[in-house]
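Okay, so here's the structure we're looking at.
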Amino acid sequence: MTIKIGVIGTGAIGREHINRIENILSGGEVKAVTDVNQESAYKAVEDYNLDATVYPDDISLVGDENIDAVFVTSWGPAHEQSVLIAIEAGKYVFCEKPLATNAEGCLRIVEAEQKHGKRLVQVGFMRRYDEGYVQLKDALDNNEIGNPLMIRCSHRNPAVDENYKTNMAVTETLIHEIDALHWLINDNYESVRVDFPKKTKHSHAELQDPQVFTLKTQSGVLIQAEVFVNCKYGYDIQCEVMGEEGIAKLPEVASVVVRKESKVSSNILNDWKIRFMDAYNKELQNFLDSIEKIGEPQGPTSWDGYIAAVTADACLQAQESGEEVDINLQDTPDFYKKETAVWS
Ligand code: NAP
């Protein structure tokens, strides 16, 4: 079976996913595209040699009876509307983060999906498909280090441009840790505080960089998550979990070790797209395979999108206030209690 896909948003990540579906993965075919910038939609059809209809908007694309699944890859504020229309039409949805720009929007999606009666939506939190994170999660689930007590993690980019402001450390960067960490330790967040260390000279007037987020979970795990987006030296993701019996650490990305001229060296990546390329491929392949094999997606759910939205909102408040902010999540509906699966 080939799943026929409509792509809403043919910007950077939309084009990458189109390329994946057409040239790397199996079981899917892009049959429709749309973008507010129609030229961009036509260009995607041309560049990827698609046998696809260009629609003027998301409503008409979702209305195409031949489309089985919709990829929502437009800019964040447009996501909620497209996801709701797709659920209403009973189509599967792969939605890039954010699911919606606030908790209320995510809850509207959660309600619509439950009303539909089966899972349709997967949110694009690709870290869960990264081989290193999968190994780390296995180690924790198999109780190899006992109960987790503390997590120290870092999300470092070499540089960002002038459009990247202080709040984007949460919405564009930390958001991936927010999803990955509660999934890793099967725990929910309770509160967050933000500290701003001395600012790097490589930042600009509207960006505090670095930032340190201290999150507490309901079971008492303390998480220190550093975001440093002008670190200069490379794209570097670190995560170390301290447990009662030992420590489990995200593996380093494989790189040859060179010994030369009295030095030992290995390369650090520069680009997040390369760091998580396999994870992006796996998340989308899994989306397609799950629909074909069991008739519903099994990756991060709309509820995970809601958790991320509530937590991100508290992080933003903590940035503004300098205070510790409570993270108040509603109880998880039974509909979303089934453990989400991970594939390696
Ligand atoms: P982008 O290059 O700006 O692409 C977004 C596209 O959507 C643009 O072509 C934009 O058109 C279009 N668009 C805006 N409003 C629309 C609407 N109402 N209907 C249809 N299309 C609309 O951004 P991007 O980097 O691809 O990011 C897209 C989304 O993916 C964002 O939510 C982002 O956070 C997420 N993302 C996730 C990851 C990840 O690691 N999971 C990585 C990158 C991006 P205009 O250019 O004319 O505005």
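For the numbers below, each heavy atom of this structure counts, side chains included, while hydrogens, waters and symmetry mates do not. Counting starts at 1 for both ligands and their atoms, following the listed order.
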Original post:
Which option, Ala12, Gly11, Gly76, Gly14, owns the non-hydrogen atom nearest atom 25 (O) of ligand 1?
Top reply: Ala12
Original post:
Does Glu22 reach the main-chain N or O of Glu29 with its side chain, forming a donor-acceptor pair under 3.5 Å?
Top reply: no
Original post:
Relative to the heavy atoms of Trp272, which atoms of ligand 1 are at a distance of less than 4.0 Å?
Top reply: 42 (C), 43 (C)
**OP:** Identify, for atom 13 (N) of ligand 1, the protein heavy atom at the shortest distance, and state residue, atom and that distance.
**Re:** Val36 CG2, 3.3 Å
**OP:** Measure from atom 23 (O) of ligand 1 to the protein's non-hydrogen atoms and state whether any distance is below 4.0 Å.
**Re:** no
**OP:** Using a strict 4.0 Å cut-off to heavy atoms of His79, name the atoms of ligand 1 that fall inside it.
**Re:** 32 (O)
Original post:
Hey, would you say the Tyr92 and Phe71 ring centroids sit under 6.0 Å apart?
Top reply: no
Subject >> Under 4.0 Å to a heavy atom of Asn37 - the qualifying atoms of ligand 1, by number >> reply: 47 (O)
**OP:** Give the residue and atom name of whichever protein heavy atom lies nearest to atom 8 (C) of ligand 1, and the separation in Å to one decimal.
**Re:** Asp35 OD2, 3.7 Å
**OP:** Output yes when a protein non-hydrogen atom is found under 4.0 Å of atom 3 (O) of ligand 1, and no otherwise.
**Re:** no
**OP:** Check for a donor-acceptor pair, side chain of Asn230 on one end and backbone N or O of Val160 on the other, with a separation under 3.5 Å.
**Re:** yes
Subject >> Sub-4.0 Å protein heavy atom next to atom 46 (O) of ligand 1 >> reply: no
Subject >> Check: Thr173 side chain, Val170 main-chain N or O, donor-acceptor pair, under 3.5 Å >> reply: no
**OP:** Identify the protein heavy atom lying closest to atom 15 (N) of ligand 1, giving its residue, its atom name and the separation to 0.1 Å.
**Re:** Trp75 CD1, 2.6 Å
Original post:
Is Asp35 reaching over with its side chain to a backbone N or O of Gln38, donor-acceptor style, under 3.5 angstrom?
Top reply: no
Subject >> Minimum heavy-atom distance Arg275-Asp130, with the two atoms named >> reply: NH1-OD1, 2.8 Å
Original post:
Is it the side chain, the backbone, both or neither of Thr73 that has a heavy atom closer than 4.0 Å to ligand 1?
Top reply: backbone
**OP:** Give the ring-plane orientation class for His155 versus His176, where under 30° counts as parallel, over 60° as perpendicular and anything between as tilted.
**Re:** tilted
Subject >> Interfacing atoms of ligand 1 (cut-off 4.0 Å, heavy-atom, Glu172) >> reply: 34 (O)
Subject >> ligand 1 atoms in contact with His176 (distance to a heavy atom under 4.0 Å) >> reply: 39 (C), 40 (O), 41 (N)
**OP:** Say whether Gln211 and Glu226, considering side chains only, have a donor N or O and an acceptor N or O under 3.5 Å apart.
**Re:** no
Subject >> Numbering as shown, the atoms of ligand 1 that approach Pro98 to under 4.0 Å (heavy-atom distance) >> reply: 32 (O)
Original post:
Please state which protein non-hydrogen atom is closest to atom 27 (O) of ligand 1 and give its distance, to 0.1 Å?
Top reply: Ile13 CG2, 3.9 Å
Original post:
For atom 39 (C) of ligand 1, what's the nearest protein heavy atom and its distance?
Top reply: Tyr280 OH, 3.3 Å
Original post:
Given Ser82, Gly124, Ser74, which one has a non-hydrogen atom that is nearest to atom 31 (C) of ligand 1?
Top reply: Ser74
Subject >> Options Lys97, Glu96, Met126, ranked by nearest heavy atom to atom 33 (C) of ligand 1, top entry >> reply: Lys97
Original post:
Do any N or O atoms from the side chain of Ser154 and from the backbone of Arg156 form a donor-acceptor pair under 3.5 angstrom?
Top reply: no
Subject >> ILVMFWY cluster, Ile24 and Tyr48 together (side-chain gap under 4.5 Å) >> reply: yes
Original post:
Does Val227 belong to the same Ile/Leu/Val/Met/Phe/Trp/Tyr cluster as Leu316, with side-chain heavy atoms less than 4.5 Å apart forming each link?
Top reply: yes
Original post:
Of the backbone atoms (N, CA, C, O) and the side-chain heavy atoms from C-beta on, which set of Phe125 has a member under 4.0 Å from an atom of ligand 1: side chain, backbone, both, or neither?
Top reply: neither
Original post:
Near Ala78, which atoms of ligand 1 are under 4.0 Å from a heavy atom of that residue?
Top reply: 17 (C), 18 (N)
**OP:** Take the angle between the ring planes of Phe276 and Tyr235 and call it parallel below 30°, perpendicular above 60°, tilted in between.
**Re:** perpendicular
